[in-house]
Amino acid sequence: MKSLFSYKIPKNILISINLLGLLLVAFYHNSINKTTIITVLGLIVIIYLSIFILSKISSGDEYIFLIVSMLMSLSIIMIYRLSPELGLKQVIWFVIGILSLFISYFFIKSIKIWPKWMYIYIFISFLLFLTTLIFGKTIKGATNWIVIQNKYSFQPAELIKILFIFFLASYYVNIDKFENKLMLSIVSFGNIAFLFLQKDLGSALIFFTIYIIIVYVYERDRKFILYNIIIASTMAVVSYFIFNHVRVRVEIWINPWKYIDTGGYQITQSLFAIAAGSFLGTGIGRGYPQYIPEVHNDFIFSAYCEEMGLLTGIAIIMLYMIFIYRGIKITLEQKNKFYRIVALGITSLIGVQSFIILGGVTKMIPLTGVTLPFLSYGGSSLVASFASLGILQACSEVFEDEKEDNYGQEE
Amino acid sequence: MFDILSLMVRYLFILLIYLFMFGIIRMIYLDIRGIRRRSSVTSTYLKLINKRDELPFNIEEYYTLNKDTTTIGRSSSNTLSIKDPYMSKRHATITNDRNQFFIEDLDSANGTFVNGEELLNPIRLENGDSIKIGQVNFLFVHEKNE
């Protein structure tokens, strides 16, 4: 019993949080019965088993998956509290996510010619964008969903994020063979323009930041970085005056109280929720987070702040920070250039995405709708996040063959 | 009833989340310290084989054997003191005799195992031997620089 609470074995704390939280929430919904208990135990077994399998098959980092399973446990507890149906779906998505983690992990490890497929990445991502533009459905103000038979829907932008990182990595690996800045800029800004057309401003911002970070680290021509930043900022200012949906976001951000009954309703409710929670929170099931529209999705952070307190909110931000720290550490230790750029890209993807939405719900930056990685409810976002986690896990290992290429024969 | 439970659980929850984070930061800290140690280690050292989060006591990734006699045991008077409950107070010694290393069991309760065999008499350690003391598994690394 003592070891269940010992900080020296973090995975046991994970288990006790899961048991405690899920049973409390099941009690709140008056649904302690056979199915709930089997689901809870199954979930714990899945988490324990995947930590165990990962530590056996992977010689790389052992912390990132622990951090993510903590975030994921918190996510399931809160979404189950908000709505039992969505909670059950989130468990299913979690299982699919774990599967996608292992699939992407083996995929990355078994294929050795990733850097050579640059044109394939460009082609697939533009194809996906075109299909979204033609067949896309507008859900919640952004035309970025593809719905198949009115049943299954997914966001192609989630997949394109990973393809974009792979494209940038393969470009900088092959930079000695051909250097084509025009193509780099056209592809990158083309991606961003497509997202802009779909009114998916959050993803456009994520793409741009990843692009700038990787270019900043690997571009030899320092002026090129400056030009990029200047062009992007002028474009941002111009779009404020041209596009209505950009202007509305900024105006709501500056003064949400003026639009409290229309566009500013969501953000003001979120601020009320965070304020109501104070340091220790109202306790699970005793707050009113359901007053915030879309609370299980983009605004889940406000629900944590209300019911589990600001201290939990700070803890979540710190978990993301430890995750990013590990990601940068993996980047620094990886010797293979391609995997190094991919690790950097994925770390910045998760870091930037969580920053944008955390800043958005706390009214630090204008709100743009992106999901909070590993915490929000959402199928395609969760699967994509887990797939990128699998890639990061593969990047944290040593790739032997590349070493021999670099150093020649050792005998 | 539910209200009281929920109010009580929230304290426990925050405590557990922070404990978890503290645990992770501690593991990362030990990891960084291990890397720094390794760069300064001499050519002979013991490397931990167990995953550190399986052992509920303080243990390091590398232990250098730079003294003539290294004693291993639970008591803090040892050169290498590990608070493993399966270890005796003075469990074993590793002696350096002209760059040859010998391990000797000091009549410990649970014994010392080298490559899976229980130690009865002192034996010479070879590079790559695995040493099991209590719950802890070490790899003996002895690099010859000629």
Side-chain angles (χ1 to χ4, degrees), chain A residues 2-14 16-18 20-21 23-25 27-30 51-52 55-56 61-64 66-67 69-70 73-74 77 81 277 279-287 304 307-312 314-316 318-319 321-323 325-326 329 333, chain B residues 1-39 47-61 74 81-87 134-137 139 143 145-146:
Chain A
K2 200 183 152 199
S3 75
L4 262 186
F5 295 102
S6 164
Y7 67 90
K8 287 178 180 169
I9 312 172
K11 61 184 169 196
N12 284 358
I13 297 183
L14 202 64
S16 30
I17 283 186
N18 263 309
L20 209 71
L23 288 181
L24 184 74
V25 174
F27 183 50
Y28 170 70
H29 286 297
N30 268 331
I51 291 174
F52 177 75
S55 74
K56 285 286 170 237
D61 196 283
E62 49 192 305
Y63 312 109
I64 48 173
L66 266 179
I67 298 167
S69 32
M70 179 70 190
S73 314
L74 288 176
I77 292 167
R81 176 254 174 272
F279 270 110
L280 290 167
T282 55
I284 293 173
R286 298 183 69 250
Y304 286 109
E307 297 219 315
M308 295 175 179
L310 198 61
L311 286 173
T312 312
I314 294 168
I316 288 170
M318 274 164 79
L319 283 173
M321 279 161 77
I322 304 173
F323 184 89
Y325 161 75
R326 285 313 297 177
K329 187 93 191 176
E333 278 175 1
Chain B
M1 172 66 191
F2 174 78
D3 284 357
I4 300 164
L5 206 66
S6 170
L7 279 174
M8 262 155 46
V9 163
R10 68 177 187 175
Y11 295 109
L12 198 59
F13 231 91
I14 291 171
L15 189 74
L16 280 176
I17 295 174
Y18 278 87
L19 268 182
F20 175 82
M21 218 146 48
F22 183 67
I24 296 247
I25 292 173
R26 173 181 164 271
M27 276 161 72
I28 293 175
Y29 167 70
L30 289 175
D31 199 40
I32 295 171
R33 212 169 55 160
I35 292 167
R36 208 176 288 151
R37 282 281 161 82
R38 194 172 39 184
S39 54
K47 185 186 181 301
L48 185 70
I49 302 176
N50 305 62
K51 287 248 170 199
R52 219 173 5 214
D53 58 339
E54 287 165 5
L55 301 172
F57 41 84
N58 275 318
I59 191 155
E60 280 169 29
E61 197 83 30
R74 210 176 56 217
S81 147
I82 300 165
K83 301 271 178 260
D84 182 350
Y86 289 86
M87 246 182 225
Q135 300 177 63
V136 187
N137 274 304
L139 184 76
E143 287 156 358
N145 329 315
E146 270 129 57

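Lettering follows sequence order; numbering is per chain, from 1.
If you measure heavy-atom distances from A:Leu23 to chain B, you find no contacts under 4.5 Å at all. Proximity to chain B (any heavy atom under 4.5 Å) is shown, for A:Ser55, by both the backbone and the side chain.
Put simply, OG on A:Ser16 and CZ on B:Phe20 are 10.5 Å apart, with the number rounded to the nearest 0.5 Å.
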What side-chain donor-acceptor pairs closer than 3.5 Å can you find for residues 7-19 of chain B, not counting sequence neighbours?
unit_1, atom_1, unit_2, atom_2, d
B:Arg10, NH1, A:Gly281, O, 2.2
B:Tyr18, OH, A:Leu311, O, 2.7

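Interface summary for chain B: among A:Ile284, A:Thr312, A:Ile314, the most heavy-atom pairs under 4.5 angstrom belong to A:Ile284.
Screening A:Leu319, A:Ile13, A:Ile322, A:Ile64 for a side chain to side chain contact (heavy atoms under 4.5 Å, CB included) involving B:Ile24 leaves a single residue, A:Ile322.
Closest approach of A:Ala315 to B:Met21, counting heavy atoms only: O-SD, 3.6 Å. The nearest pair of heavy atoms linking B:Ser6 to A:Gly283 is OG-C, 3.3 Å.
Evaluation of the ring-ring contact (aromatic ring centres under 6.0 Å, His included) rule for A:Phe52 yields no partner, not counting sequence neighbours.
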